[in-house]
Amino acid sequence: MKIIKSVSIILVVGVSLLLFMLRPFGLFDNHQPAEANTTVVFSPDELLVKLPHGNALLEILDLSRFDGDEALIKINLLAELPTFKDHPLYQAYYFMAMNNIMLRLGRIDDASTYTNKLLDFAEQEQLQWLKASALSELAIERTKRGDLDTALDYLNESIKIAKEINYERLLIKSYNSLGVISILSSEYGKAQDYFHQGLKLVETNPKHLYHSKIIGNLAVIYIYLEEWNKAIAYIDQAKEIYHQDERLEPAIMSVLLTNESNVYFRLGDAIKARQAYVDAKATLEKDSSIRLQAIVLNSLSNVLYLEQQYESAIAESERCLYLVGIQDLPLQRGLCYKSKAHSNMALGNYNAAIEDLNASIKENNKIVHTAYITGNQKLLSEAYEQLGNNSQALKYFKLYYLGDKEVLFDQRQSELYLLEESFNAETSRNALALLKTKNEIQDLELERQTLVTRVILGVTFSVLLALGYVLKKNLDIKNKNQLLQYSNSNLVELSTRDTLTGLYNRRYFDYFIQRLRQGRSTYRDSSFTLAIMDLDHFKAVNDNYGHDVGDLVLIEVAKRFLLNLPSSDLIIRWGGEEFICVIEDQGDIASLQTLEKVWAAITDEPVSTPAGDINITLSIGAVTDIPTAEFMASHTELLKRADERLYKAKHTGRNQIIAID
């Protein structure tokens, strides 16, 4: 009896202890996970395939992107069927296919006519999705003609409708168009945002026709930022996506290859520029659009210029300018004039070059493309200088100076945005790691639920085993949490360090400002100096010695910065060959003295490399005596002021420090 009592007590205590230990883990909660809210994505294609002629019409729509003649024959045969007019979806897709066919056949005005018919039909039938599609097509047409304001109006209305009905496939196309317009307006940060929104939707629409287009347009941003390696990387990625889907029209590859040729043109690599042009020309078909023909001809003109075949280059530019319909395409027309001007200047035909450049600027003004206008003004200054007309040369150089300053700031703002996007991507990867761990924990919870049932049924035989199992699982979770915390710490450190130099990167700057705010009482009586430092003519180092040597120079420069700055000061690699320095004023030692010490450390001694000693000079723009409160509140404006002084240092001789306006 005593034995039974003792066993009973042990069992009761064991079960109670077991239940007590398992309770914090919610093993007996019967709460079911809430069902995720699902949003219905609108797809007119899914509606069309349910109709008798739906699949045939979709096949014709795909064909219309490749072969205008064949698609025209097939759709006319389909339209003659008596039942073709039984449903408005047939008529809607008929207009869409005819728009594509007319574009393939080079009949731009007829394409516009069908797009307007599509819009009228949408309003007549009160089909909002069709109205949004028509507005998106009209926006693309207006963009090609340089009417960006009208295109934006169309796109904003199209996107509003598409969001209301969750028409994701159209949103991807419209965000791409908004990004292109932003590039043409020299608003690269805004363009990046639109492309990013489009790519988010591509995640759930991986086979979308615009996937490779968006990636290719991201490359265009890097071309304007003169980040050639990144531009080529995006072009290669876009080409890979293109080859994964046989339904994509050849025009996409033509544009990618001409952009690749233009990158090598800017790098002065005639061989690779020629090869990319040859590949682009091979993608052209008999019914390629005037715009595409102009793009490829302009690429050829640039290649011939690199090959010093200036007369032939001018002839190709003339061919571009005499294409039928080119008058409606200001961007391509302006580029052909500019290419012609390049070759005329190489031949010494400066008056002819001036006429070409003025014509190019006239076309650029139709789309307000600041970067192109500024580049033409610089060439005009050079042409007038060669003619001995110094007053005109000075006039256009001033215009170039002011425009280049604006473009430079826009580019740096865009670079900042791109880095933020990189950080956001890293954060997203971290979030995915957290989600994975949560899923693992949920799996453990399910295992524990099963364990409780088994314990209740056979508690006499498994109390100790169950306790051991739970303790082991608890230890597993603890280890996973520790591993996750360690991983998060590493991610934070990696996200704020430049991998090449070991210096902090520009994301750390925001963290630094947060630290100032948290310790504002400590820094209340402090003042700071903010400086932007840029290595002079660093592009020449990369061009003459290669990027590997350029990287060695950057690493050595970073070491000298660290050796000559107090440990309390901050040095950041801001991007490329540009660095940011924050110096806390230290009593009798003036911050400008510290900057001069840093400047001397870089300029006084050449950098030893496998290619030989390389002399490096440094330009610095600085803002001094900044109170802590002002630094925290206005750091963006202070960066801009320092950037303006750096710009002044660059354009008044380089290799100097400017700390006053």
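Using a cutoff of 4.0 Å between basic side-chain nitrogens and carboxylate oxygens, E644 and K648 are not scored as salt-bridged. One finds a salt bridge joining D534 and K650 here, because a Lys/Arg side-chain nitrogen approaches an Asp/Glu carboxylate oxygen to under 4.0 Å. With respect to the salt-bridge test (charged N to carboxylate O, under 4.0 angstrom), the residues R142 and E137 do not qualify.
A donor-acceptor pair under 3.5 Å is absent between the side-chain atoms of S343 and the main chain of K340, judged by distance alone. Side chain of S301 to main chain of L297: no donor-acceptor pair is present (N/O by atom type, distance under 3.5 Å, no hydrogens or angles). Side-chain atoms of S212 never come within 3.5 Å of backbone atoms of Y242 as a donor-acceptor pair (strictly under, hydrogens ignored). With S339 contributing its side chain and C336 its backbone, the two residues share no donor-acceptor pair below 3.5 Å. A distance-only check finds no donor-acceptor pair linking the side chain of R145 to the backbone of D328 [under 3.5 Å].
Here the options are D536, N655, T652, the test is side chain to side chain donor-acceptor pair (under 3.5 Å), and the partner is S619; only D536 passes.
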Subject >> Stepwise salt bridge (Lys or Arg N to Asp or Glu O under 4.0 Å) test for R319 and E316 >> reply: CA-CA 5 Å; R319 282 182 62 199; E316 296 303 326; 2.9 Å; yes
**OP:** Could you walk me through whether F195 and Y175 pass ring pair (Phe, Tyr, Trp, His ring centres under 6.0 Å), step by step?
**Re:** CA-CA 6 Å; F195 293 143; Y175 283 135; over 10 Å; no
**OP:** Show your reasoning for whether side-chain contact (heavy atoms from CB on, under 4.5 Å) applies to L552 and V607.
**Re:** CA-CA 9 Å; L552 292 176; V607 176; over 6 Å; no
**OP:** Decide side-chain contact (heavy atoms from CB on, under 4.5 Å) for M533 and C581; before the verdict, give the C-alpha distance in whole Å, the side-chain angles of both, and the deciding distance to 0.1 Å.
**Re:** CA-CA 8 Å; M533 307 183 291; C581 180; 3.8 Å; yes
**OP:** Please lay out, stage by stage, how E260 and K239 fare under the test salt bridge (Lys or Arg N to Asp or Glu O under 4.0 Å).
**Re:** CA-CA 11 Å; E260 182 178 349; K239 288 195 292 186; 2.9 Å; yes
Original post:
Given T617 and L535, is the side-chain contact (heavy atoms from CB on, under 4.5 Å) satisfied, shown in steps?
Top reply: CA-CA 6 Å; T617 61; L535 302 182; over 6 Å; no
Original post:
Q192 and L218: side-chain contact (heavy atoms from CB on, under 4.5 Å), yes or no, with the steps?
Top reply: CA-CA 7 Å; Q192 175 78 6; L218 282 170; 3.1 Å; yes
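Y504 does not carry R573 over the face of its six-membered ring by the limits of under 6.0 Å from the centre and within 45° of the normal.
With contacts defined as side-chain heavy-atom distances shorter than 4.5 Å, the pair N365/I373 qualifies. Residues H537 and R654 are in side-chain contact: their nearest non-hydrogen atoms beyond the backbone lie under 4.5 Å apart. Inter-residue side-chain proximity for S185 and L148 is flagged as met; some heavy-atom pair is nearer than 4.5 Å. Residues N376 and Y337 have side chains not in contact (no heavy-atom distance under 4.5 Å, counting atoms from C-beta outward). A 4.5 Å side-chain heavy-atom check between H243 and M253 finds at least one atom pair inside the cut-off. Between V220 and N217, the closest side-chain pair of non-hydrogen atoms falls below 4.5 Å. Side-chain contact between L170 and S158 is present, with at least one heavy-atom pair separated by less than 4.5 Å. Between I602 and F561, some side-chain heavy-atom pair lies under the 4.5 Å cut-off.
By the 30° and 60° cut-offs, the orientation of the rings of Y210 relative to H208 is perpendicular. Using a 30° and 60° split on the angle between ring planes, W574 and F509 fall in the perpendicular class, above 60°.
What you find for D643 and I532 is that their closest heavy atoms are N-CD1, 3.5 Å. Nearest heavy-atom pair across S177 and I140 is OG-CG1, 3.6 Å. Between A313 and Y305 the shortest heavy-atom distance is CB-N, 4.0 Å. Across all their heavy atoms, Y545 and A611 have their closest contact at CD2-CB, 3.6 Å. A pairwise comparison of heavy atoms in G325 and I290 identifies C-CG2, 4.2 Å as the closest pair. The two residues C320 and I326 make their nearest non-hydrogen contact at O-CG1, 3.7 Å.
Residues that satisfy the salt bridge (Lys or Arg N to Asp or Glu O under 4.0 Å) test with K163, not counting sequence neighbours, are absent from this structure.
Side-chain polar atoms of T501 and D498 form a donor-acceptor pair below 3.5 angstrom. Using modelled atom types and a 3.5 Å distance limit, the side chains of S261 and S299 yield a donor-acceptor pair.
Remark: E141 CD to D147 CG distance equals 9.5 Å, nearest 0.5 Å. Of the inter-residue distances, the one linking I580 atom CD1 with L503 atom CG reads 12.0 Å to the nearest 0.5 angstrom. Of the inter-residue distances, the one linking E556 atom CD with S608 atom OG reads 7.5 Å to the nearest 0.5 angstrom. Here the CD-CG distance, from E311 to L304, works out to 11.5 Å after rounding to the nearest 0.5 Å. Once rounded to the nearest 0.5 Å, the distance linking CE of M345 with CG of D356 reads 11.0 Å. To the nearest 0.5 Å, the span separating CG on L284 from CD1 on I295 amounts to 10.0 Å.
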Contacts under 3.5 angstrom, residues 262-277 side chains, donor-acceptor by atom type, not counting sequence neighbours:
unit_1	atom_1	unit_2	atom_2	d
N262	ND2	T258	O	3.2
R266	NH2	E226	OE2	3.2
D269	OD1	I271	N	3.4
D269	OD1	K272	N	3.2
R274	NE	E307	OE2	3.0
R274	NH2	E307	OE1	2.7
R274	NH2	E307	OE2	3.4
Q275	NE2	D279	OD1	3.0

